[in-house]
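So that the names make sense, note that chain A is the first sequence line, chain B the second, and so on, each numbered from 1.
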Number of protein chains: 2
Amino acid sequence: MSTRAEATRARLQAAALDLFERRGYRAVTVEEIAATAGVSHMTFFRHFATKERVLLDDPFDPVIAEAVAAQPSDLPAIERVARGMLSLTPLLDQEPTESTRRGIAIAAGVPELQAGMAANTATTARAIVDAAAAPGDEAEMRMAAAACLAAITAALLGWAADGPRSTLGDLVAGAMTAVVPHLADAHVPAFAGSPA
Amino acid sequence: MSTRAEATRARLQAAALDLFERRGYRAVTVEEIAATAGVSHMTFFRHFATKERVLLDDPFDPVIAEAVAAQPSDLPAIERVARGMLSLTPLLDQEPTESTRRGIAIAAGVPELQAGMAANTATTARAIVDAAAAPGDEAEMRMAAAACLAAITAALLGWAADGPRSTLGDLVAGAMTAVVPHLADAHVPAFAGSPA
DNA sequence: GCCTCAAGTGTTAGTCACTAACATCTTTCG
DNA sequence: CGAAAGATGTTAGTGACTAACACTTGAGGC
């Protein structure tokens with residue numbers, strides 16, 4: 001909880017983002033990032049398990065899982081997931097979009113980082129299954145979650161490359177429409193969330 | 001083209017699969033794999049760009065892309081992709097399933113390898129877009145392809161873990177039904193392919 | 001059979017991500 | 001203030017991967 005650790009972590013992330021943009025992900029060593037942030041490489045690895053993780057940090061899983069669980073349980077799994085994502089689009093439009101976008105833009109050019117993004121979605125998919133799958137439907141929910149998240153990831157990569165032509169929310173909505181076309185005509189109420 | 005290179009490559013794959021099963025992916029070094037196959041580590045890297053790739057080698061992309069392109073072009077992208085996959089299930093049931101399954105079973109327990117599988121699907125998705133997307137619909141096709149392939153990957157990982165309770169074809173069919181539920185009632189003709 | 005060229009492979013010496021063990025410093029709190 | 005707990009530093013590794021260059025083995029022309 002200490003503030004000091006959080007500050008170090010933030011300095012490392014900022015330094016990494018900066019160096020990656022300037023010289024490319026591969027050309028930057030962990031040593032350099034650590035030095036720029038004024039710490040040793042060991043401190044870097046205490047905050048981030050791998051070089052990738054300094055860029056791909058995503059704390060959204062619990063909200064997503066809740067939003068999916070809140071959908072009507074008589075719908076097919078794929079539709080529950082897609083509607084859950086759609087219900088989050090209003091929230092997404094309030095995000096600190098810029099640094100997120102810089103990170104994704106870097107990842108868009110580096111295969112290993114795209115693989116890392118995909119690995120993130122595996123974690124998210126697990127969270128969705130745990131929170132929203134009916135007993136016996138885990139397999140279907142797992143596939144549905146993987147499908148929707150992959151579509152969103154694909155959309156994100158295009159978004160970062162093309163520049164911010166649309167908001168994050170619109171992007172996610174577009175991805176869900178690509179997976180479940182008839183959702184284009186549906187009205188999905190915004191997710192309110194539960195009091196923390 | 002030379003037979004010698006192919007033999008070395010095959011020996012490396014066999015040695016790797018064997019060692020991975022016995023002692024775990026992480027505990028096996030490239031040096032060991034190379035030594036077991038009777039070559040140096042440099043030869044290993046000439047045949048496989050990374051340690052992962054000795055396990056995750058998949059030459060199916062062109063067939064998949066063709067099968068999707070063969071679907072009626074007035075359908076939504078997601079449905080063209082799903083039907084394309086379904087049309088391949090008869091072919092899949094004739095595959096040398098066993099070594100494939102061993103590889104996936106190993107990958108199922110190693111996060112980095114799952115990320116590698118996801119990276120493979122990115123390549124496949126590109127092939128699908130190139131072969132089957134109508135001009136202007138690239139984005140939608142990219143998301144649809146990512147979604148379907150992710151569902152299949154999720155299914156494969158479960159398959160390898162649970163043991164071969166069903167055939168590869170049934171597995172893919174189940175994944176496509178999870179993504180596009182109404183396809184359960186559709187008849188999709190088998191893909192014939194084009195003469196090589 | 002011999003020569004040649006090219007493909008396949010080996011050797012060596014490096015870089016860098018990542019880990020383990022232990023020492024040191026800083027903050028917190030009694 | 002003093003001590004425990006948390007954050008960071010130092011050092012010495014391992015192992016994936018690369019670059020440069022030398023060597024071997026095989027197929028085709030003479």
Side-chain angles (χ1 to χ4, degrees), chain A residues 1-20 22-57 103 106-107 109-117 119-120, chain B residues 1-20 22-57 103 106-107 109-117 119-120:
Chain A
M1 259 262 191
S2 111
T3 306
R4 189 173 153 217
E6 282 166 17
T8 305
R9 190 187 162 88
R11 251 182 301 134
L12 283 167
Q13 279 177 320
L17 202 53
D18 227 61
L19 290 170
F20 290 161
R22 254 200 268 279
R23 317 213 320 268
Y25 177 79
R26 295 214 171 113
V28 175
T29 73
V30 170
E31 274 291 343
E32 287 177 293
I33 301 171
T36 305
V39 296
S40 76
H41 80 276
M42 272 310 303
T43 294
F44 177 97
F45 284 115
R46 284 192 185 103
H47 286 278
F48 304 99
T50 68
K51 184 182 175 186
E52 286 183 9
R53 297 288 290 163
V54 74
L55 205 62
L56 308 175
D57 225 28
I106 295 170
V110 183
E112 344 152 19
L113 291 176
Q114 298 178 40
M117 287 180 68
N120 274 353
Chain B
M1 260 262 195
S2 111
T3 307
R4 189 171 153 220
E6 282 166 17
T8 305
R9 191 188 162 87
R11 252 183 300 134
L12 282 167
Q13 279 178 319
L17 202 53
D18 227 60
L19 290 169
F20 290 161
R22 253 199 268 280
R23 317 213 320 268
Y25 177 79
R26 295 212 172 116
V28 175
T29 74
V30 170
E31 274 291 342
E32 287 177 292
I33 301 171
T36 304
V39 297
S40 77
H41 80 276
M42 273 311 303
T43 294
F44 177 96
F45 285 115
R46 284 193 186 100
H47 286 278
F48 304 99
T50 69
K51 184 182 174 186
E52 289 185 5
R53 296 289 290 164
V54 74
L55 205 61
L56 308 176
D57 226 26
I106 295 170
V110 184
E112 342 151 20
L113 291 176
Q114 298 180 38
M117 288 180 67
N120 274 354

Can you name the closest pair of heavy atoms from B:Met117 and B:Ala107 and give their distance? SD-CB, 4.0 Å
Provide, to the nearest angstrom, the distance between the NE2 atom belonging to B:His41 and the P atom belonging to D:dT18. 10 Å
Gap between atoms CG and C1', on B:Leu12 and C:dG8 respectively (whole Å): 13 Å
Remember a base hit wins even if backbone is also touched, and classify A:Thr43 as base, sugar-phosphate or nothing at under 4.0 Å, heavy atoms. sugar-phosphate
Where the side chain of A:Glu32 meets the backbone of A:Thr29, is there a donor-acceptor pair that is under 3.5 Å apart? yes
When A:Glu52 and B:Gly38 are each assigned the nearest nucleotide of DNA chain C, the 5'-most assignment goes to B:Gly38
Using atom CZ of B:Arg46 as one end and atom P of D:dA20 as the other, report the distance to the nearest whole Å. 13 Å
So which nucleotide from C:dA17, D:dA16, C:dT11 ends up closest to the side chain of B:Val30? D:dA16
Closest of C:dT9, D:dG6, D:dT18 to the B:Phe45 side chain is D:dT18
Given atom CZ of B:Phe44 and atom C1' of D:dA16, what is their separation to the nearest angstrom? 10 Å
Expressed in angstrom and rounded to an integer, what is the separation of B:Met42 atom CE from D:dC17 atom P? 12 Å
In terms of side-chain heavy atoms of A:Thr29, which of C:dA21, C:dC16, D:dT25 is nearest? C:dC16
To the nearest Å, how far apart are B:Glu6 CD and D:dT25 P? 20 Å
Over all heavy atoms of both residues, which pair between B:Gly109 and B:Pro111 is shortest? Give the atoms and the distance, please. O-CD, 3.8 Å
Closest nucleotide among C:dA17, D:dT8, D:dT18 to the A:Lys51 side chain: C:dA17
Validation row: B:Tyr25, B:Lys51 side chains within 4.5 angstrom (heavy atoms): yes
Taken to the nearest whole Å, CD/B:Glu32 to P/D:dT14 is 14 Å
Given atom NE2 of A:His47 and atom P of C:dC18, what is their separation to the nearest angstrom? 16 Å
Taking only residues two or more places apart in sequence, or in another chain, which ones meet B:Phe48 in a side-chain contact (heavy atoms from CB on, under 4.5 Å)? B:Arg9, B:Leu12, B:Gln13, B:Phe44, B:Arg53, B:Val54, B:Asp57
